[in-house]
Amino acid sequence: TFINAGTFQKVSGTGTTTIGWAFQTIGTVETPVGTLSVNNLTGNSILNGTITMSGSVGGPGTLVTVASNAVVTWSSGTLNGSLTVNSGGTLNLTNSSSYYYFYGTLTNYGTVVCGNASGYSIFGENNAAIYNYGLWQAIANYPAISNGGGQTNLLFLNAGTFRKTGGTGSITIDWPFTSTGILDIQSGALSVGSWVGNSILTGTMTLTSSTFGSVGATLTVASNAVVTWSSGTFNGALTVNPGGTLNLTNSSSYYYFYGT
């Protein structure tokens, strides 16, 4: 085991430095040049500093924390265990050459920035979950939050702000999705494969090719919200509150209503 309780710096070489041992850090990691590849970031680690890294994050029963002063760019790898982004911390998921595989839980109280132009995805496996209580900022149409196995035990909960600022197309969330926070779709659209639970739509958003609600789920358009739904299937229950607006302005496909 390599335990860093001081400062680990990578100061030369534009390539990748690899730590093949189990690695635990409660100190500072700085990678002003190149990338740090960790085969097994283990134990209860705290990521401090400005870090570009790849590899496996955490393991079953472990907790990795992005500190409030940290900026972590994770270019690719597998998430096991729990990863928490503290308020004031930033996690960049801006990979353009490989996939992310989530088997654990990502909880965000700070900022998560995701986006690339090449179509790589965040795949959910087992009981993977994303809990967003801070800002989740999508700067492009990708990565999609993908459910390749059609699993129903995944969850993306937005109780903070989900904001799309780049890409004129749609970003897809194919995990079961619940939102009680703000959806701020400034560019393009959001496509949700499966709404679950009781969601409140707050903000200005364009939803496309989405299944709106699901059997037993409720969706509420808040009094300050403007929701443009361009196409899809409606299940469950949908309520538009006084002062809220739902635009059904599709001109190229059908709506299918199975709910109320």
Side-chain angles (χ1 to χ4, degrees), residues 1-116 120 122 128-140 142-143 145 160-163 165-166:
T1 302
F2 187 137
I3 298 176
N4 172 50
T7 300
F8 182 102
Q9 288 184 326
K10 184 179 187 299
V11 295
S12 66
T14 57
T16 300
T17 295
T18 300
I19 298 177
W21 296 11
F23 181 65
Q24 181 179 5
T25 178
I26 56 174
T28 299
V29 178
E30 295 282 352
T31 58
V33 292
T35 300
L36 174 65
S37 176
V38 179
N39 288 352
N40 184 16
L41 182 60
T42 190
N44 296 325
S45 291
I46 302 173
L47 301 178
N48 293 283
T50 302
I51 310 163
T52 299
M53 61 178 291
S54 63
S56 178
V57 174
T62 65
L63 172 62
V64 176
T65 301
V66 177
S68 59
N69 62 343
V71 177
V72 177
T73 299
W74 182 30
S75 59
S76 65
T78 300
L79 170 63
N80 298 287
S82 297
L83 173 61
T84 297
V85 182
N86 279 353
S87 177
T90 300
L91 174 65
N92 294 314
L93 304 177
T94 51
N95 174 44
S96 61
S97 62
S98 188
Y99 297 100
Y100 298 98
Y101 295 91
F102 280 25
Y103 292 83
T105 300
L106 169 60
T107 303
N108 175 46
Y109 297 99
T111 300
V112 173
V113 179
C114 71
N116 60 64
Y120 290 95
I122 298 172
I130 295 173
Y131 299 101
N132 178 47
Y133 300 101
L135 171 63
W136 187 286
Q137 182 166 340
I139 60 175
Y142 299 98
I145 314 296
T161 298
F162 184 102
R163 178 174 294 148
T165 59

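Computed from heavy atoms alone, side chains included, the values below leave out hydrogens, waters and symmetry copies.
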Taking all heavy atoms of [X] and all of [Y], pick out the closest pair and write down the distance.
| X | Y | result |
| --- | --- | --- |
| Thr28 | Asn4 | O-ND2, 3.3 Å |
| Ser75 | Ser54 | OG-CB, 3.3 Å |
| Trp136 | Leu106 | CZ3-CD2, 3.8 Å |
| Ser87 | Ser68 | O-CB, 3.0 Å |
| Lys10 | Gly15 | NZ-O, 3.4 Å |

Could you tabulate the donor-acceptor pairs under 3.5 Å formed by side-chain atoms of residues 39-52, not counting sequence neighbours?
unit_1 : atom_1 : unit_2 : atom_2 : d
Asn44  : OD1    : Leu63  : N      : 3.0
Ser45  : OG     : Thr25  : N      : 3.1
Ser45  : OG     : Thr42  : O      : 3.1
Asn48  : ND2    : Gly27  : O      : 3.0

Rounded distance (nearest 0.5 Å) linking atom [atom1] of [X] with atom [atom2] of [Y]:
| X | Y | atom1 | atom2 | value |
| --- | --- | --- | --- | --- |
| Ser56 | Tyr103 | OG | OH | 10.0 Å |
| Phe23 | Ser37 | CZ | OG | 11.5 Å |
| Thr78 | Phe102 | OG1 | CZ | 9.5 Å |
| Leu83 | Thr65 | CG | OG1 | 7.5 Å |

Exercise for the section: Could you give me the CA-CA distance, side-chain angles and deciding distance for Met53 and Val72, then say whether side-chain contact (heavy atoms from CB on, under 4.5 Å) is met? Expected result: CA-CA 7 Å; Met53 61 178 291; Val72 177; 4.0 Å; yes
Problem - Polar side-chain atom of Asn92 near backbone of Thr94 as donor-acceptor pair, under 3.5 Å - result: no
Exercise for the section: Determine yes or no for a side-chain-to-main-chain donor-acceptor pair under 3.5 angstrom, with Trp74 supplying the side chain and Ser76 the backbone. Expected result: yes
Show me the side-chain donor-acceptor pairs of residues 128-135 shorter than 3.5 Å, one per line, residues at least two apart or across chains.
unit_1 : atom_1 : unit_2 : atom_2 : d
Asn132 : OD1    : Asn108 : ND2    : 2.8
Asn132 : OD1    : Gly134 : N      : 3.3
Asn132 : ND2    : Asn158 : OD1    : 2.9
Asn132 : ND2    : Thr161 : O      : 3.2

Between [Y] and [X], is there a side-chain heavy-atom distance shorter than 4.5 Å?
| X | Y | value |
| --- | --- | --- |
| Leu91 | Val113 | no |
| Val112 | Gln137 | no |
| Thr90 | Val85 | no |

Problem - Verdict with reasoning, Thr107 to Ser82, per side-chain contact (heavy atoms from CB on, under 4.5 Å) - result: CA-CA 8 Å; Thr107 303; Ser82 297; over 6 Å; no
Handout entry: Geometric class of the Phe2/Phe8 ring pair [parallel <30°, tilted 30-60°, perpendicular >60°]
Key = perpendicular
Practice task
Let me see the working for Ile122 and Leu93 under side-chain contact (heavy atoms from CB on, under 4.5 Å), right down to the final yes or no.
Solution key: CA-CA 9 Å; Ile122 298 172; Leu93 304 177; 4.0 Å; yes
Problem - Partners passing side-chain contact (heavy atoms from CB on, under 4.5 Å) against Thr1 (at least two apart in sequence or in another chain) - result: Ile3, Ala22
Exercise for the section: Run the numbers on Ile19 and Leu36 for side-chain contact (heavy atoms from CB on, under 4.5 Å), then give the verdict. Expected result: CA-CA 8 Å; Ile19 298 177; Leu36 174 65; 3.8 Å; yes
